[in-house]
Amino acid sequence: MRTPFIDLNAVSTASGVVNLPGSKSISNRVLLLAALAIGPTRITGLLDSDDTRVMLKALETLGVSVGRHDQETVTIGGQGDFPNKQAEIFLGNAGTAFRPLTAALAVLGGNYRLHGVARMHERPIGDLVDALRSMGALISCEQNEGYPPLKITPGNLNIDGPVKVQGAVSSQFLTALLLVAPLIAQKTAQDVVLEVEGELISKPYIQITLNMMARFGVVVRQQGWSRFIIARNAVYKSPGQLEIEGDASSASYFMALGLVGRGPVRINGVGENSIQGDIRFAETIQAMGGKIEFGDTWLEVTGPDLTRGEKLKAFDEDFNLVPDAAMTAAALALYADGPCMLRNIGSWRVKETDRIEAMHKELAKVGATVTSGPDWLRIVPPLSSEWKTAEIETYDDHRMAMCFSLAVFGPVGLRILDPDCVAKTFPAYFDVYKTLVR
Ligand SMILES: O=C(O)C1=C[C@@H](OP(=O)(O)O)[C@@H](O)[C@H](O)C1
Ligand SMILES: C=C(OP(=O)(O)O)C(=O)O
């Protein structure tokens, strides 16, 4: 049974220590890479959440050996292929599982059906399907062209020149092709050239992909952001063991708490050398008036004293490189000293929910004056007399729930509906949150 709501009282300070759960983006990449490599990989610091559970379950269904030691430690027995050539696979709403597995199954061949929750069937995958079909993969869309559920049947893979992929809707399509490029190279005995057509959004996630591929022995030749070359003899080798760093997007909520709640909030699990793009959200925190001390694998945030009438500095920023942490900035806008503008966030419309519409509606409920367009959101913070207590809809979007936990540093508390939706990436979020705020 899911908890129907959680009531949060108005609070004024936040301080303490947080140990981050593992990165979702790294966890799901590493699980797949470990399965595609030769040899066992022991993975520590794995995220244990809905998104990684569906990936682990899928790998087991596909016949991959998964040894579970504890919630954050598994050993994947990599065989370079999936033993089961026929399967029905449920992937919830996990983009980082759905897109890469589609590519892997289409390239390795077999009879598969991939589906997810209703919202996953509204999230586009057409650009990836088109790129895979251009190589001879056989994929059909069961309901609507360009959307899951998908049926995959054995095709004859061949490449004749660069494989083209669109990058404007999601970077996960390019990530999926990169991850399976060594398999394409093996099947076709050719170098694989991936070419991005048009704009590429969310670029730092491609960096995570390249970084993880290198950990498994495959170095990609990169020409800017539009051409990626994988040598014909590329092959994944298990690194033996791999430690996953903490989730930088999850860190954004605690950076925000240190900022609005004066801090100090110490965050263990990511630091100045993080390979995740969302660590750059630290720059937004600093620009808004926060101070951050960085270590190798930790950071500590302090902020101004909002109880003495201080305000955060307003921002006008392009958030294309940090689409997930950008939602945290939208929540922080409630405490700014002027209107805040989030630009270039069009991808929000095809994520867990239409996040531009959801943020617009829910921020307005607490008293902000909000306007939005196809790829932007503008927030005028409420005056202290304008704050309203509200029942916040979360739209089965973990980030909506986590973001609105930041909206109680004004004069009123609020109710967050369906708080258990945080399980997508951070099942224990509200337990950790409660240890920090007063
Ligand atoms: O590759 C990844 O791990 C991700 C890429 C981003 O998606 P888009 O590329 O669709 O923006 C991000 O929003 C998502 O949470 C994780
Ligand atoms: C967009 C997100 O998830 P997904 O990996 O399903 O795209 C997210 O976690 O904010």
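Source: prediction; values computed, not measured. Start at 1 and go down the list; that is how both ligands and their atoms are numbered.
Distances below 4.0 Å separate heavy atoms of Ala94 from the following atoms of ligand 2: 6 (O). Atoms of ligand 2 lying under 4.0 Å from at least one heavy atom of Asn93, given by number and element, are 6 (O).
Ranked by closest heavy atom to atom 2 (C) of ligand 2, the top entry among Glu352, Lys351, Met327, Gln172 is Glu352.
Electrostatic pairing of Arg343 and Asp318 does not count as a salt bridge here, judged by no charged N lying under 4.0 Å from a carboxylate O. Residues Arg113 and Glu142 are paired through a salt bridge, judged by an N-O separation under 4.0 Å between the basic side chain and the carboxylate. One finds no salt bridge joining Arg68 and Asp48 here, because no Lys/Arg side-chain nitrogen approaches an Asp/Glu carboxylate oxygen to under 4.0 Å. Using a 4.0 Å cut-off between charged side-chain N and carboxylate O, Glu283 and Arg280 make no salt bridge.
Of the protein's non-hydrogen atoms, the one nearest atom 1 (O) of ligand 1 is Arg29 NH2, 2.7 Å. With hydrogens left out, the protein atom closest to atom 5 (O) of ligand 2 is Lys24 NZ, 2.8 Å, a heavy atom. Of the protein's non-hydrogen atoms, the one nearest atom 7 (O) of ligand 2 is Arg123 NH2, 2.7 Å. The protein heavy atom nearest to atom 10 (O) of ligand 2 is Arg399 NE, 2.6 Å.
A donor and an acceptor atom, one from each side chain of Tyr395 and Glu357, are nowhere located under 3.5 Å apart. Donor-acceptor pairing under 3.5 Å is lacking for the side chains of Asn28 and Asp51.
In terms of N/O distances under 3.5 Å, ligand 2 is not approached by Arg99. An N or O contact shorter than 3.5 Å links Gly95 to ligand 2 by distance. Here's the thing with Thr425: none of its N/O atoms is less than 3.5 angstrom from an N/O atom of ligand 2.
Side chain of Arg349 to main chain of Pro374: a donor-acceptor pair is present (N/O by atom type, distance under 3.5 Å, no hydrogens or angles).
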